[in-house]
Amino acid sequence: MSVPTESTYLGLSGADPAAPRVVEARMLTKIYGTGGAQVTALDQVSLAVSRGQFVAVMGPSGSGKSTLLHCLAGLDTPNSGSVFIAGKDLARMNDRQLTAVRRDQLGFVFQAFNLLPQLTAEENILLPLRLAHRKPERDWYNAVIDSLGIGDRLEHRPSELSGGQQQRVAVARALVGRPEVIFADEPTGALDSASAASLLETLARMCEALGQTVVMVTHDQNAAGATNRIVRLRDGRIVGDDAVARPAGQHAAPAAAMQGVR
């Protein structure tokens with residue numbers, strides 16, 4: 001394991017000092033295997049994400065980006081270091097507490113839509129809340145549905161929806177519980193370019209207008225360009241952390257893509 005360098009701490013500089021830190025990783029190390037087969041997937045990585053940020057995590061295959069996402073989301077346990085969600089240390093939680101955090105404070109969006117085919121779009125969206133015996137906040141629910149443009153698709157089943165519409169339903173499902181942060185793993189990987197641009201534009205607007213926080217792993221530079229911050233990993237370390245520059249009020253994803261839902 002290497003001695004910490006300046007690159008280890010780059011991820012702390014990209015957080016907005018005026019906004020609460022929703023996600024924070026401190027000196028995360030994750031090692032797989034033993035002996036000659038040992039691989040250091042994360043090497044003393046520190047990262048902070050503020051409320052309302054839309055962050056892309058990029059890097060070549062094997063750079064540690066998916067491992068970082070899984071550790072931040074409490075889906076994997078680092079060998080050392082700490083992860084805080086809204087100031088709460090995941091390492092101090094038992095399995096029941098971790099399950100509650102993942103259910104109530106985190107949202108997940110993956111490349112596969114993972115919708116239940118027998119349920120309508122609305123039933124899929126509300127399923128996590130039903131399982132948690134919670135009712136949706138009506139104003140937030142309406143804001144999510146309106147932002148994603150799926151109000152006229154709620155009674156349709158997944159087989160009656162396009163790929164872009166199915167992913168929007170999956171995003172609504174992740175958002176409906178008003179989580180502290182959405183973790184997205186290649187969410188546009190199964191979409192055509194227009195649907196991907198439309199979805200990314202919507203996520204960016206939700207971060208700006210509604211204060212949602214999104215951490216997205218992607219290999220697509222165009223997808224990363226729709227965010228406001230790009231964190232780059234190589235060999236388990238953060239080697240870059242940059243704001244995405246664009247004219248005020250504009251996103252890299254074309255606004256025209258918001259016309260209608262594909």
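The residues of the chain are indexed from 1 along the displayed sequence.
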(request) Check for a donor-acceptor pair, side chain of Q167 on one end and backbone N or O of F110 on the other, with a separation under 3.5 Å. (result) yes
(request) Check the side chains of S63 and R232 for a donor-acceptor pair under 3.5 angstrom, ignoring hydrogens and angles. (result) no
(message) Keeping S162 on the side-chain end and Q165 on the backbone end, is there a donor-acceptor pair under 3.5 Å?
(response) yes
(message) Grouping I, L, V, M, F, W and Y whenever their side-chain heavy atoms are under 4.5 Å apart, do L116 and V176 come out in a common cluster?
(response) no
(request) Find the distance between CD1 (I230) and CE (M216) and round it off to the nearest 0.5 Å. (result) 8.5 Å
(request) Verify the cluster assignment for L106 and M93: are they in a single hydrophobic cluster under the rule of side-chain heavy atoms below 4.5 Å apart? (result) yes
(request) Look up atom CD1 in I150 and atom CG in L161, then write down how far apart they are to the nearest 0.5 Å. (result) 8.5 Å
(request) With rounding to the nearest 0.5 Å, note down the distance linking CZ in R21 to CG in L47. (result) 9.5 Å
(message) Closer than 3.5 angstrom, by distance alone: can the side chain of Q97 be matched with the main-chain N or O of N94 as a donor-acceptor pair?
(response) yes
(message) Keeping R168 on the side-chain end and L148 on the backbone end, is there a donor-acceptor pair under 3.5 Å?
(response) yes
(message) Which heavy atom of P78 sits nearest to which heavy atom of G81, and what is that distance?
(response) CG-O, 4.2 Å
(request) Please say whether more than 12 non-hydrogen atoms of neighbouring residues, nucleotides or ligands are located less than 6.0 Å from CG in D220. (result) yes
(message) Between L233 and Y32, is there shared hydrophobic-cluster membership here, with clusters defined by ILVMFWY side-chain heavy atoms closer than 4.5 Å?
(response) no
(request) Taking all non-hydrogen atoms of both residues into account, name the closest pair between A196 and T188 and its distance. (result) CB-CB, 3.7 Å
(request) Kindly compute the distance separating CZ (F113) from CZ (R173), expressed to the nearest 0.5 Å. (result) 11.0 Å
(message) Using the rule that Ile, Leu, Val, Met, Phe, Trp and Tyr join whenever any side-chain heavy atoms are under 4.5 Å apart, tell me whether L131 and L126 fall into a single cluster.
(response) no
(message) I'd like to know if the side chain of Q38 and the backbone of I31 have a donor-acceptor N/O pair within less than 3.5 Å.
(response) no
(message) If I compare all heavy atoms of A226 with all of L200, which pair ends up nearest, and what's the gap?
(response) CB-CB, 3.7 Å
(request) Might you point out which heavy atoms bring T218 and A223 nearest each other, and give the distance in Å? (result) OG1-CB, 3.7 Å
(message) Quick one, V49 and V22 - any side-chain contact, counting heavy atoms below 4.5 Å?
(response) no
(request) Kindly determine whether V23 and F183 satisfy side chain to side chain contact (heavy atoms under 4.5 Å, CB included), including the steps that lead there. (result) CA-CA 11 Å; V23 182; F183 290 109; 4.3 Å; yes
(message) As an exercise, state the distance from CD of E201 to OG of S147, rounded to the nearest 0.5 Å.
(response) 11.5 Å
(message) Quick one, V169 with R153, criterion side chain to side chain contact (heavy atoms under 4.5 Å, CB included). Give me CA distance, side-chain angles, the key distance, then yes/no.
(response) CA-CA 9 Å; V169 170; R153 296 291 188 269; 5.8 Å; no
(request) In sequence, state the C-alpha distance, the side-chain angles, and the governing distance for I145 and I125, and then conclude on side chain to side chain contact (heavy atoms under 4.5 Å, CB included). (result) CA-CA 10 Å; I145 298 304; I125 292 167; 3.9 Å; yes
(request) Measure across P117 and P158 and return the closest heavy-atom pair with its distance rounded to 0.1 Å. (result) O-CD, 3.7 Å
Return a table of donor-acceptor pairs under 3.5 angstrom between the side chains of residues 98-105 and protein atoms on other chains or two or more places apart.
| residue | atom | partner | partner atom | Å |
| --- | --- | --- | --- | --- |
| T99 | OG1 | D95 | O | 2.9 |
| R102 | NH1 | G74 | O | 2.5 |
| D104 | OD1 | R134 | NH1 | 3.4 |

(request) Write down the atom of L72, the atom of A25, and the distance for their closest heavy-atom approach. (result) CD2-CB, 3.7 Å
(message) Does D185 form a side chain to side chain contact (heavy atoms under 4.5 Å, CB included) with H70? I'd like the steps, not just the answer.
(response) CA-CA 10 Å; D185 194 355; H70 292 164; 4.3 Å; yes
Validation: residues 50-59 side-chain donor-acceptor distances under 3.5 Å, sequence neighbours left out:
| residue | atom | partner | partner atom | Å |
| --- | --- | --- | --- | --- |
| S50 | OG | D16 | N | 2.7 |
| S50 | OG | D16 | O | 3.1 |
| R51 | NH1 | E180 | OE1 | 3.2 |
| R51 | NH2 | E180 | OE1 | 3.2 |
| Q53 | OE1 | S50 | N | 3.2 |
| Q53 | OE1 | R229 | NH1 | 2.9 |
| Q53 | NE2 | G14 | O | 2.9 |

(request) State whether the side chain of E160 and the backbone N or O of R157 hold a donor-acceptor pair below 3.5 Å, judged by distance alone. (result) yes
(request) To the nearest 0.5 angstrom, please state how far the CD atom of E24 sits from the CG atom of D89. (result) 10.0 Å
(message) Could you see if L69 belongs to whatever hydrophobic cluster contains L75? Use Ile, Leu, Val, Met, Phe, Trp, Tyr and a side-chain cutoff under 4.5 Å.
(response) yes
(message) Going by side chain to side chain donor-acceptor pair (under 3.5 Å), K30 matches just one of T67, T77, D76. Which one?
(response) D76
(message) Closer than 3.5 angstrom, by distance alone: can the side chain of D43 be matched with the main-chain N or O of R237 as a donor-acceptor pair?
(response) no
